[in-house]
Asks: 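Attaching a single structure in structure tokens format; questions to follow.
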Amino acid sequence: MIRKIVNGLIYDGSGREPFIGGLEIEDGRIVKVFEGACEAAEEAAGGEVIDAKGMAVTPGFVDIHRHHDVAVLHDPEFGQLELAQGITTAVAGNCGLAPVPNAPERMAEQFSYIEPCLGKMPEDNTLHLMSDYMAALDGRELPLNVATLVGAGACATAAMGYESRSFTPEEREKAVGYIKDAMEAGALGMSFGIMYTPECYLSQEDLAAMAAECGRHGGMVSCHVRGEGDSLLSSVDEILEICRTAEVPLNISHFKAVGLQNWGHALGHAIEKIEAAQADGQKVTVDVYPYTGGATTVMTLIPPCVTEGKPLSYLGTPEGAAHLRSEIYKKQPGWDNMVESIGWDRIIIGSVTLEKNAFCSGKSVAQIADELGMDPCEWIGQLIAEEDGKVGGILMSMSPEDVDRVMLLPYAAVISDSLYGGGDNPHPRLYGSFPKIIREYVMERGLMTMEQAIRKMTAMPAERVGLVDRGYLKEGYAADINIFDPAAVRDMATFTKSKQLAEGIAYTLIGGEVAAAASRKTSGAYGRLLKRK
Ligand SMILES: [Zn+2]
């Protein structure tokens, strides 16, 4: 247990200028923050004092957008790559995707759908409600603090399955009941993934009813909007309207404009809409990860009209392949066609489940099709059929200027959007998002000050999701703290070699305990489940 940090450059999370000073810790909380240097050597008895001379002292990083819902339950490695980047609190349940709630009779189908993003849930799972899930984590020793949102997609799937329609009144009531269960159990808020089935088929009233239930319990809504390409503007309008009706604060997840034809201009119009809503008094914010590629299940590449009412094996048949080819190169009204807008050479296979397909990890679909002498559309159909849709993809879909523009918005928090679908080449954001901000945005490119960057990774996201005692170095706050030499912080993960732990964070404390030293996890587990207060 550390009880004092001295001689550090204190960034308190608020965005104000740093100062030389230190802090005192008792029972896992910060009890005093003070200015001025002091003689550390005499005090360093028992290893309970850290002399942070020459180093930044910041709140622990808070990642409000990860997909570790399954990993935290079942992956013994969970914690290593997170602590290596200084993440002390991570929020799951994003983009509507979650293993709970689930209906026992449809559980297998739901688990299969979320596997590319969240990883494999065991078939003998006994957790059905969000309250079961929270109870399973509550009181457990965890490598870092975790909290969760309730995913609207999971609620909708549990209520009616993967149907291409809106709710019946009974189903809507059921879905709202799942939100209530989660909020009462301590979920921070809820998430939409309106891009995904079955949410994309729900009515505005269905979506607003779920959001309103979340709002009644004091939660917030984080939303993966319906479309981030040609339909970005209508999608932003849609969620602004839903959350205005539901009277609930809105955070737009991984805010971006995808597709070459949208680069440079679409985002500006979307920002105008958000800022107009803010000027009208609506609570709206965004978050962003610092990469120009996105990652998701490759099922988002397939026009819904091709697979509607058919098993995925259809895509592997000559008839299915011909059907796919006839639709996949066309604009589809109301649905963003990524193949049409970025092309096969910008779509990289991230994860697969079958050994025979392992060779394609890290290669673009264009490259693989070329190697195999196949038509890319025919090949992707065959792959999806073989893998039963469990394929993760990386889409190099964004412009660097657009990413910077979002990053610099005063209301944009930093997230990772980390997926835990496995595979040999996951998106590098899983390993490097937070150090990349320090290395690239602050140290190398000077696009923001360190205090701005720290605020975007600590106090801003913590406040947004209602984590009332995290994100600041302040009296009474949890002693979740990072200590590092900014020049030493490195994200090591790249798009072609992503499985590499970050480097350069000297100490990461959770509740005053050393959870990681030199960017490597220690043997202790000092985190716990955090709930909405
Ligand atoms: Zn998402």
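Numbers here are sequence positions counted from 1. Counting convention: from 1, in listed order, for ligands and their atoms alike. Just so it is clear, the structure is predicted and the values come from calculations on it, not from any experiment. For the numbers below, each heavy atom of this structure counts, side chains included, while hydrogens, waters and symmetry mates do not.
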Asks: Strictly by ring pair (Phe, Tyr, Trp, His ring centres under 6.0 Å), give each pair with a member in residues 234-261 just once, sequence neighbours left out.
Replies: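 The answer is His65-His254, His224-His254.
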
Asks: For a 4.5 angstrom cut-off between non-hydrogen side-chain atoms, does Gln282 reach Cys243?
Replies: yes

Asks: My understanding is that only residues two or more places apart in sequence, or in another chain, count here; which of them pass salt bridge (Lys or Arg N to Asp or Glu O under 4.0 Å) with Lys331?
Replies: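 Asp230, Glu340.
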
Asks: How long is the span from the CD atom in Glu386 to the CG atom in Leu315, to the nearest 0.5 Å?
Replies: 12.0 Å

Asks: Quick one: list whatever passes salt bridge (Lys or Arg N to Asp or Glu O under 4.0 Å) with Lys499, sequence neighbours left out.
Replies: none

Asks: Which of parallel (below 30°), tilted (30 to 60°) and perpendicular (above 60°) describes Phe434 and Phe61?
Replies: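 Answer is parallel, since the angle falls under 30°.
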
Asks: Taking the Zn ion (ligand 1) as the center, what protein N, O or S atoms are found at less than 2.8 Å?
Replies: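 Less than 2.8 Å away from the Zn ion (ligand 1) sit Cys95 SG, His224 ND1, His254 NE2.
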
